[in-house]
A.B. asks: 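Structure incoming, see below.
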Amino acid sequence: MMSALSKSPVFEGSLSEAPRSNGPRSNGIDVVTFGCRLNTYESEVMRREAETAGLGALAGGAVIFNTCAVTGEAVRQARQAIRKARRDNPQARIIVTGCAAQTEPEKFAAMDEVDLVLGNEEKLKANAYRALPDFGVNDTEKARVNDIFSVRETAGHMVDAIEGRARAFVQVQNGCDHRCTFCIIPYGRGNSRSVPMGAVVEQVKRLAGNGYAEIVLTGVDMTSFGADLPGAPKLGKLVKTILRQVPDVKRLRLSSIDSIEADDDLLDAIATEPRLMPHLHLSLQSGDDMILKRMKRRHLRDQSIRFCEDVRKLRPAIVFGADIIAGFPTETDDMFENSIDIVAECGLTHLHVFPFSPREGTPAARMPQLRREVVKQRAARLRAAGEAAYRRHLSSLPGTRQSILIEHDGLGRTEGFTLAALGAGSPGEIVEATITGHDGTRLIAAPLAACAA
């Protein structure tokens, strides 16, 4: 499973995006998050554990980078941000963790700007942050990164809020048992591990009780949820259990899913549960069968198309996003055209595109590579196809009534995750509105009260 770096507010994808701080410094600690929604959730746990460890009392405070390894560009951006943070905060302690730190600890430990490198398991434990030289630890032992494949369980860490967010993320799963040929993430996250259902439900209750109207379930390979739990419950059962046991949740959303693993209960919930949002982000990666086989994906082109058709019959308002890689090794012009065509054939709206990025240690990095200019040209064509599909989607909505969750500055998201400008409402509030038009990037909406007036 992977996704692209994207700074566009329109095409927010499932995994990697521009770095962001989890709000202003809290007790001298700033957490800078790269990548996925799971990282966003974990950053809140990290902030709490770092505070428990006493980092906020250090002179100059601490800056913690929660990195992403999904592309080489993500790693480059992290290193660039670390150097800037040192220039801006010469007295701060800089700690690097996350997937890039897990897969390339030596690279970050060699940076003079970095005081400590922690692995993905260590970052969630207060004791790990006490490995800073300030706490009497030998300053030559900068990297504290254990074998992620030795981790067998994922704890249901409880958080009360997600700083700077109108919606809250809840981890249901971590790691991945699949070995797609392009993907480095299993080496950063380890094998698939599920959070027990009771812990997930309790976390959702906690966040809903704290006023979050929308909860997003997230994981590395979320549709593999439950295989390692007693009774092997599937994602659909978890979704139904949450909606039944937490009536205060107004909106429940799923992050990226693998459509081939969608179970019957999940499809039934999509069809019958109005509080489950009509938006699915699919890990497609390609529209060509040969490339999908070389990627070692578990679905074929026709299965993706059929899934979208079947789900649209169950929930006509459903909106699909997808991750697609441009310029995978050995991809011919005809193979690439199949990826262009699948945008329309699946009815994709929120397309998340990135040029293929070889990751050292993966099989795809050893395959015959395309010229970089070809890869970039294909990525540009795919983005253009996605933008055209998105504009058609925007043009289909004027005159409709939409429920919009306000995020900030009068901007929010519809139930289908389409960006809308409302000019009213407070962050976290759901506003009923009529769509009056669009500007090519976002919907223009008017609150129903304003319409009545």
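Fair warning: this is a prediction, and the values are worked out from it, not measured in the lab.
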A.B. asks: For a 4.5 angstrom cut-off between non-hydrogen side-chain atoms, does Phe307 reach Leu267?
C.D. replies: yes
A.B. asks: Can you say whether the rings of Phe328 and Phe182 are parallel (under 30°), tilted (30 to 60°) or perpendicular (over 60°)?
C.D. replies: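 Judged by the thresholds at 30° and 60°, the geometry between Phe328 and Phe182 is perpendicular.
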A.B. asks: Would the distance check show the side chain of Lys240 and the main-chain N or O of Ala269 forming a donor-acceptor pair, the cut-off being under 3.5 Å?
C.D. replies: no
A.B. asks: Surrounding CD of Glu373 (heavy atoms of other residues, nucleotides or ligands, distance under 6.0 Å), is the total greater than 12?
C.D. replies: yes
A.B. asks: Taking the side chain as C-beta and beyond, is there a heavy-atom pair between Met277 and Phe417 under 4.5 Å?
C.D. replies: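 They are not in contact (no side-chain heavy atoms under 4.5 Å apart), so the answer is no.
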A.B. asks: So Tyr187 and Ile184, do their side chains get closer than 4.5 Å, heavy atoms only?
C.D. replies: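 Yes, their side chains come closer than 4.5 Å.
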A.B. asks: Give every donor-acceptor pair under 3.5 Å between a side-chain atom in residues 309-320 and any protein atom, sequence neighbours left out.
C.D. replies:
residue: Arg312; atom: NH2; partner: Cys346; partner atom: O; Å: 3.3
residue: Arg312; atom: NH2; partner: Gly347; partner atom: O; Å: 3.4
residue: Arg315; atom: NH1; partner: Ile270; partner atom: O; Å: 2.7
residue: Arg315; atom: NH1; partner: Leu276; partner atom: O; Å: 3.0
residue: Arg315; atom: NH2; partner: Leu276; partner atom: O; Å: 2.9

A.B. asks: Using only atom types and a distance under 3.5 Å, with no angle test, would you say the side chain of Arg76 pairs donor to acceptor with the backbone of Arg79?
C.D. replies: no
A.B. asks: So how far is it from Arg392 CZ to Leu397 CG, rounded to the nearest 0.5 Å?
C.D. replies: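 One finds 13.5 Å between CZ of Arg392 and CG of Leu397.
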A.B. asks: Do Leu58 and Leu132 come close enough that some side-chain heavy atom pair is under 4.5 Å?
C.D. replies: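 In contact.
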A.B. asks: Report the C-alpha distance between His281 and Ser255 in whole Å, list the side-chain angles of each, state the deciding distance to 0.1 Å, and finish with yes or no for side chain to side chain donor-acceptor pair (under 3.5 Å).
C.D. replies: CA-CA 6 Å; His281 193 88; Ser255 61; over 6 Å; no
A.B. asks: Is it the case that atom CG in Asp264 sees more than 12 heavy atoms from other parts of the structure closer than 6.0 Å?
C.D. replies: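 No, the 6.0 Å shell around CG holds no more than 12 heavy atoms from other groups.
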A.B. asks: Would you say the side-chain atoms of Thr52 pair up with the backbone N or O of Arg48, donor to acceptor, closer than 3.5 Å?
C.D. replies: yes
A.B. asks: Is a side-chain donor or acceptor of Arg86 paired with a backbone partner of Glu113 at a separation under 3.5 angstrom?
C.D. replies: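 Yes; at least one donor-acceptor contact below 3.5 Å.
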A.B. asks: Check whether any side-chain heavy atom of Leu217 lies under 4.5 Å from a side-chain heavy atom of Met222, and answer yes or no.
C.D. replies: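 The answer is yes, as the side chains (C-beta and beyond) meet within the 4.5 Å cut-off.
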A.B. asks: So Ser192 and Ser224, side chain to side chain donor-acceptor pair (under 3.5 Å) or not? Walk me through it.
C.D. replies: CA-CA 8 Å; Ser192 182; Ser224 71; 3.1 Å; yes
A.B. asks: Less than 4.5 Å apart, any side-chain heavy atom of Asp323 and any of Ser256?
C.D. replies: yes
A.B. asks: After noting the C-alpha distance and the side-chain angles of Glu121 and Arg144, does the key distance pass the salt bridge (Lys or Arg N to Asp or Glu O under 4.0 Å) rule?
C.D. replies: CA-CA 10 Å; Glu121 181 68 7; Arg144 300 299 178 97; over 6 Å; no
A.B. asks: Quick one: NE2 on His299 to CG on Leu284, what's the gap to the nearest 0.5 Å?
C.D. replies: 5.0 Å
A.B. asks: Rounded to the nearest 0.5 Å, what's the gap from OH on Tyr41 to CG on Leu207? Could you check?
C.D. replies: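 The CG atom of Leu207 is 8.0 Å from OH of Tyr41, to the nearest 0.5 Å.
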A.B. asks: May I have the step-by-step check of salt bridge (Lys or Arg N to Asp or Glu O under 4.0 Å) for Arg298 and Asp258, ending in yes or no?
C.D. replies: CA-CA 9 Å; Arg298 289 165 298 135; Asp258 208 335; 2.6 Å; yes
A.B. asks: Side chains of Leu370 and Arg378, heavy atoms from C-beta outward: is any pair under 4.5 Å?
C.D. replies: yes
A.B. asks: What is the minimum heavy-atom distance between Val375 and Pro355, and which atoms define it?
C.D. replies: CG1-CB, 3.4 Å
A.B. asks: Here's a test for you: under side chain to side chain contact (heavy atoms under 4.5 Å, CB included), which of Val172, Leu238, Leu235, Asp228 qualifies with Ser194?
C.D. replies: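 Considering Val172, Leu238, Leu235, Asp228, a side chain to side chain contact (heavy atoms under 4.5 Å, CB included) with Ser194 is found only for Asp228.
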A.B. asks: Between Arg294 and Thr330, does a side chain to side chain donor-acceptor pair (under 3.5 Å) hold up when you go through it step by step?
C.D. replies: CA-CA 9 Å; Arg294 289 171 180 166; Thr330 76; 2.8 Å; yes
A.B. asks: Apply the test side chain to side chain donor-acceptor pair (under 3.5 Å) to residues Gln285 and Ser283: give CA-CA distance (whole Å), side-chain angles for both, the deciding distance (0.1 Å), then the verdict.
C.D. replies: CA-CA 6 Å; Gln285 310 306 350; Ser283 182; 2.9 Å; yes
A.B. asks: Would you find a donor on one side and an acceptor on the other, under 3.5 Å apart, between the side chain of Arg47 and the backbone of Ile64?
C.D. replies: no
A.B. asks: Give the C-alpha distance, both sets of side-chain angles, the deciding distance and a yes or no for salt bridge (Lys or Arg N to Asp or Glu O under 4.0 Å) between Lys125 and Glu49.
C.D. replies: CA-CA 6 Å; Lys125 299 174 180 177; Glu49 298 302 301; over 6 Å; no
A.B. asks: Quick one: pull up CD1 in Ile342 and CG in Asp302 and give me the separation to the nearest 0.5 Å.
C.D. replies: 8.5 Å
A.B. asks: Are the side chain of Arg297 and the backbone N or O of Asp289 linked by a donor-acceptor pair below 3.5 Å?
C.D. replies: no
A.B. asks: Spell out, as yes or no, whether a donor-acceptor pair under 3.5 Å connects the side chain of Gln173 to the backbone of Asp221.
C.D. replies: yes
A.B. asks: Would you mind reporting whether Leu405 and Arg251 have side-chain heavy atoms less than 4.5 Å apart?
C.D. replies: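 A side-chain contact under 4.5 Å exists here.
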A.B. asks: Mind checking the CG-OG spacing from Asn338 to Ser286? Nearest 0.5 Å is all I need.
C.D. replies: 7.5 Å
A.B. asks: Spell out, as yes or no, whether a donor-acceptor pair under 3.5 Å connects the side chain of Gln203 to the backbone of Val200.
C.D. replies: no
A.B. asks: To the nearest 0.5 Å, what is the distance between NZ (Lys237) and CZ (Phe225)?
C.D. replies: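 Between atom NZ of Lys237 and atom CZ of Phe225 there are 9.5 Å.
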A.B. asks: Check the pair Glu214 / Arg167 against salt bridge (Lys or Arg N to Asp or Glu O under 4.0 Å), numbers first and verdict last.
C.D. replies: CA-CA 5 Å; Glu214 180 172 305; Arg167 60 179 56 83; 2.6 Å; yes
